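Each remark here refers to the structure printed beneath this line.
Keep in mind that what you see is a predicted model, and the values were worked out from it rather than measured.
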Amino acid sequence: MKLDGSNKQIFPGKLGVNQAQNPKGESFGFTNFYMTWDNQPIVPIVGEFHFSRFSYLHWEEELLKMKAGGINIVATYVFWNYHEEEENVFQWGESRNLRHFVDLCAKHELPLILRIGPFCHGEVRNGGIPDWVFEKPLEIRSNDERYLFYAKRLYRQIAKQVKGSYFAEGGPIIGVQLENEFMHCGAPLDSWGYKAGAFMSSGKGGNEHMAELRRLAEESGIKPAFFTATAWGGAAVPEKDTLPMLAGYAYTPWIPNQPPSGEYIYRDLHVKPSEAVNYDTLEYPVAYCEMAGGMQVSYTARPNVSPESVEAMTLVKLASGSNLLGYYMYHGGSNAVGKHGYLNEYGLPKITYDYQSPLGEFGRVGKSYDRIRSLALFMEAYGKVIAPMGTVLPAGQSDIHPEDIESLRWCVRQKNGSGFLFLNNFQDHLEMPDREGVRIELDTPKGKVSFPHSGTLSLKQGTSTVLPFHIEAAGVDIITATVQPLTVLDGGKERVLVFYAHEGLEPEIVFNRKSVARVSQQAAAIIEEPNAIIVKPQVGKQYALEVTLANDETVQVIVLTRQEALQVYKFKIWGEDRLFISGSRLYVKDERLNATSEGDASWSISVLPALSEETRLDHGLLTERQEGLFQTYRIEVEAYTPDIQITYPQERSALVEIDTQWPSHISDVFLQVEYDGDVAAAYLDNRLLTDHIHYGEAWPIGLKQFKDDLEHQAIHLSITPLRKGTVHTFVNQALVERFEGIELAVFHHIRPVPYYRSALYRKFQS
């Protein structure tokens, strides 16, 4: 494919936020194509976390886990019915304490987008509108004066909670969303109560209503740097100071018998307007606020979302021109229980809103967490370079049908002949074949390149990847590589380029001899050509290539395995940016590297650059060894087996008593429940703790937030049976039924999984 060198046209656009500044001198803004931070292009990652769906006692830890996972902007709903369930009785305490959540985001330098309604949806009762509103003689989601009266009262309450917390005032709030999916769709009208399928209005008034909501918000004191709007499906999008944001879902319970989705097909998203949206797409960056981080199961739709699907969609959207990637949900949780009943949407679990997200209910860490973090590291390191690059599609790519498993899916983002090649071999609801004999040739303004340099490559089923061409990093000019860029260390003690090798994709890096004088031969096969040095590197953290630049400076190049790459974290700690590789879960707080190991009392943490000062551990024994450039610490804590007693009053019920006198190095204990049945629920002292609609995965229940209540009490686990047979329904004064068949409800295994914790910290010499 020939790249003609034409570049994306970048101009201020219509968002109207060229440079918002805070008292520290930090600034952000938008062009028509990307966001900037301190005048530099970036590709931010937004993570949705509903504060009111998680215990406020653990918000800080969860925000730090989000930050460790690569999230650099947080988004959250403010559900009206969570805060004013009863008319004129507002609740802003404990897990409804919006101000506390905002302050924690400020403390940990996490910019925040508030989604304040009045209508939010978010799978809560009535889309977040309190029941009592429907008893009033008014029309919701319209410019009805009586509706606007209550909307303004809500906004005033929110404004009071977040006073002084906007970016211009030194706070974290950068943006606010008014309404949600306005003029596109409604939500179940749960308060009606007679039957399922009754829906509330999608709204009336278009941009006039959005303008009125904005006027009310600003009059109330809500004045962010910009507003956002959900823009899909022809929803209303105001032109002034509003960022349109999109959604991408593949596992969609609202589509019966869903066919393979078009979300994994490369397209140029930053093109002339289409009928699908209600704004000039060339005037705004392509931004996603609801790219699926998983999917909530419902009673009638139970998708099982693979982590590969989340990774593939991220790369497809990035390749297609999106320069802001937001996950809904990034962090799941639990629905609050109202004063008058449950606040869930009909047909969904009463309590759990786990969403199969990267971070889930009770702080569960899922497999997509590692995949998103690895991509976030790439975007943090290369965002300045990739954000201005336009999308170039090979002929016919955007016309590939999702059910086409034969065509190779690929595209390019480039600027001035430098760029990235994207390959995708994943499709939801279909098994893609392994691809052999793949070779891609690009004719760029900087010369012809091919992947691989000679021969062909293989692409395994489910693999999606991004590969560089004519990219400079840390002074190294890379012509091509068949290893995926992960991150860069540049500016501290070490200058390191980190890549990783996908399984089945033979690793190769082609260096430009104009910038690279020589490459060390240790652990690598090297072929020298007049204009290039082709390296076939050994893979693993114990190996490193020493690259000597034309100016005699040196850069280390590491190619990790896929498994190692999924264990990489990057933190600024102990004076500089450092890389960590660990199978445990890491986050940083107060210059301490906190580690949590799920079920294993022994684990390792590798760090680069190595530490010269004495390193200490707050729990356990610490040993260390050298692995290539990495210093590897082995942590061993005392193994702990929770004392648990399980009785089964009947096949579909279990009573679980567990010792809660956990040692100090145990941060949590999860019950891992494997069962067959329809729906399950966990009760403590007749209180529903959480529930679970079976969708093929084990049911994890975190216990730390119930720890004090568990002493001398049993958790009651109950299964509603799955019926296989025929149900006959008829009316006999009321609706009744007769069932013929078998009922399946059985526990296979209930086991406690201890979460071990420790923390590394440095002893500084005085």
Side-chain angles (χ1 to χ4, degrees), residues 58 61-62 64-65 68-69 359-367 369-370 373 541-542 561 563-564 566-569 571 573 578-607 611 614-627 630-646 656-674 698-708 710-711 715 749-763:
H58 307 294
E61 179 182 349
E62 299 308 307
L64 289 170
K65 285 161 62 177
L359 296 174
E361 190 178 28
F362 310 119
R364 170 198 58 77
V365 179
K367 292 181 180 178
Y369 178 76
D370 297 328
R373 187 180 65 252
K541 64 183 176 183
Q542 68 271 34
T561 66
Q563 181 180 5
E564 288 170 339
L566 293 177
Q567 296 177 350
V568 170
Y569 296 77
F571 301 114
I573 185 173
R578 298 180 188 274
L579 297 183
F580 298 87
I581 302 177
S582 181
S584 65
R585 305 301 182 179
L586 306 179
Y587 69 86
V588 169
K589 183 182 179 186
D590 300 329
E591 290 295 295
R592 293 164 66 91
L593 182 71
N594 294 275
T596 302
S597 175
E598 300 171 11
D600 195 338
S602 177
W603 67 94
S604 65
I605 301 175
S606 299
V607 57
L611 303 176
E614 182 181 346
T615 303
R616 292 188 172 185
L617 192 67
D618 69 349
H619 290 283
L621 299 175
L622 186 67
T623 57
E624 64 179 277
R625 67 182 186 277
Q626 200 70 26
E627 289 187 288
F630 286 89
Q631 189 175 16
T632 296
Y633 295 94
R634 190 71 187 174
I635 298 170
E636 295 185 23
V637 297
E638 185 178 354
Y640 171 68
T641 302
D643 184 13
I644 187 170
Q645 295 181 4
I646 306 172
V656 180
E657 296 182 77
I658 188 166
D659 180 21
T660 58
Q661 300 303 308
W662 305 337
S664 58
H665 65 285
I666 301 298
S667 63
D668 201 349
V669 173
F670 268 67
L671 287 183
Q672 197 76 359
V673 183
E674 298 175 17
W699 177 25
I701 307 173
L703 301 181
K704 71 179 179 183
Q705 70 186 64
F706 314 119
K707 183 180 177 185
D708 293 338
L710 284 170
E711 192 171 0
I715 295 178
H749 201 46
I750 303 172
R751 65 184 180 93
V753 180
Y755 279 40
Y756 298 95
R757 73 166 191 89
S758 193
L760 282 172
Y761 61 97
R762 281 172 45 178
K763 177 185 177 183

| field | Heavy-atom donor-acceptor pair, E564 side chain to K541 backbone, under 3.5 Å | value | yes
| Side-chain (D590) to main-chain (R592) donor-acceptor, under 3.5 angstrom | no
| Donor-acceptor pair, K65 side chain versus L359 backbone, under 3.5 Å? | no
| Do the non-hydrogen side-chain atoms of R585 and D370 ever get within less than 4.5 Å of each other? | yes
| Taking everything shown except E674 itself, do over 12 heavy atoms lie less than 6.0 Å from its CD? | yes
| message | Determine whether W662 and D668 satisfy the following criterion, side chain to side chain contact (heavy atoms under 4.5 Å, CB included), listing intermediate values before the conclusion. | response | CA-CA 8 Å; W662 305 337; D668 201 349; 4.0 Å; yes
| field | Check: I644 and L671 side chains under 4.5 Å, non-hydrogen atoms | value | yes
| request: Please say whether more than 12 non-hydrogen atoms of neighbouring residues, nucleotides or ligands are located less than 6.0 Å from CG in L621. | output: no
| message | Quick check: do N594 and E61 have side-chain heavy atoms less than 4.5 Å from each other? | response | no
| request: Could you walk me through whether Y633 and F580 pass the side chain to side chain contact (heavy atoms under 4.5 Å, CB included) test, one step at a time? | output: CA-CA 11 Å; Y633 295 94; F580 298 87; over 6 Å; no
| request: Given side chain to side chain contact (heavy atoms under 4.5 Å, CB included), test E598 with F670 step by step and report yes or no. | output: CA-CA 9 Å; E598 300 171 11; F670 268 67; over 6 Å; no
| message | Quick one, T615 and E624 - any side-chain contact, counting heavy atoms below 4.5 Å? | response | no
| Would a distance-only check, ignoring hydrogens and angles, find a side-chain to backbone donor-acceptor pair under 3.5 Å from Y756 to Y640? | yes
| Heavy-atom donor-acceptor pair, D643 side chain to D659 backbone, under 3.5 Å | no
| query | Considering only heavy atoms from C-beta outward, does the side chain of R634 approach that of S602 to under 4.5 Å? | reply | yes
| query | Heavy atoms, side chains only, cut-off 4.5 Å: are I715 and L703 in contact? | reply | yes
| query | Is it true that a side-chain atom of S758 and a backbone atom of H619 form a donor plus acceptor pair closer than 3.5 Å? | reply | yes
| message | Restricting to non-hydrogen atoms, name the atom on F630 and the atom on S606 that form the minimum distance, rounded to 0.1 Å. | response | CD2-CB, 3.9 Å
| query | Any side-chain heavy atom of Y761 sitting closer than 4.5 Å to one from E591? | reply | no
| field | Minimal non-hydrogen separation, T596 against S667, with atom names | value | CG2-OG, 4.0 Å
| request: Take atom CD of Q626 as the centre, draw a 6.0 Å sphere, and report whether it contains more than 12 heavy atoms from other residues, nucleotides or ligands. | output: yes
| Below 4.5 Å, heavy atoms only, C-beta onward: do R578 and L611 meet side chain to side chain? | yes
| field | SB check R757 D618 (cutoff 4.0 Å) | value | yes
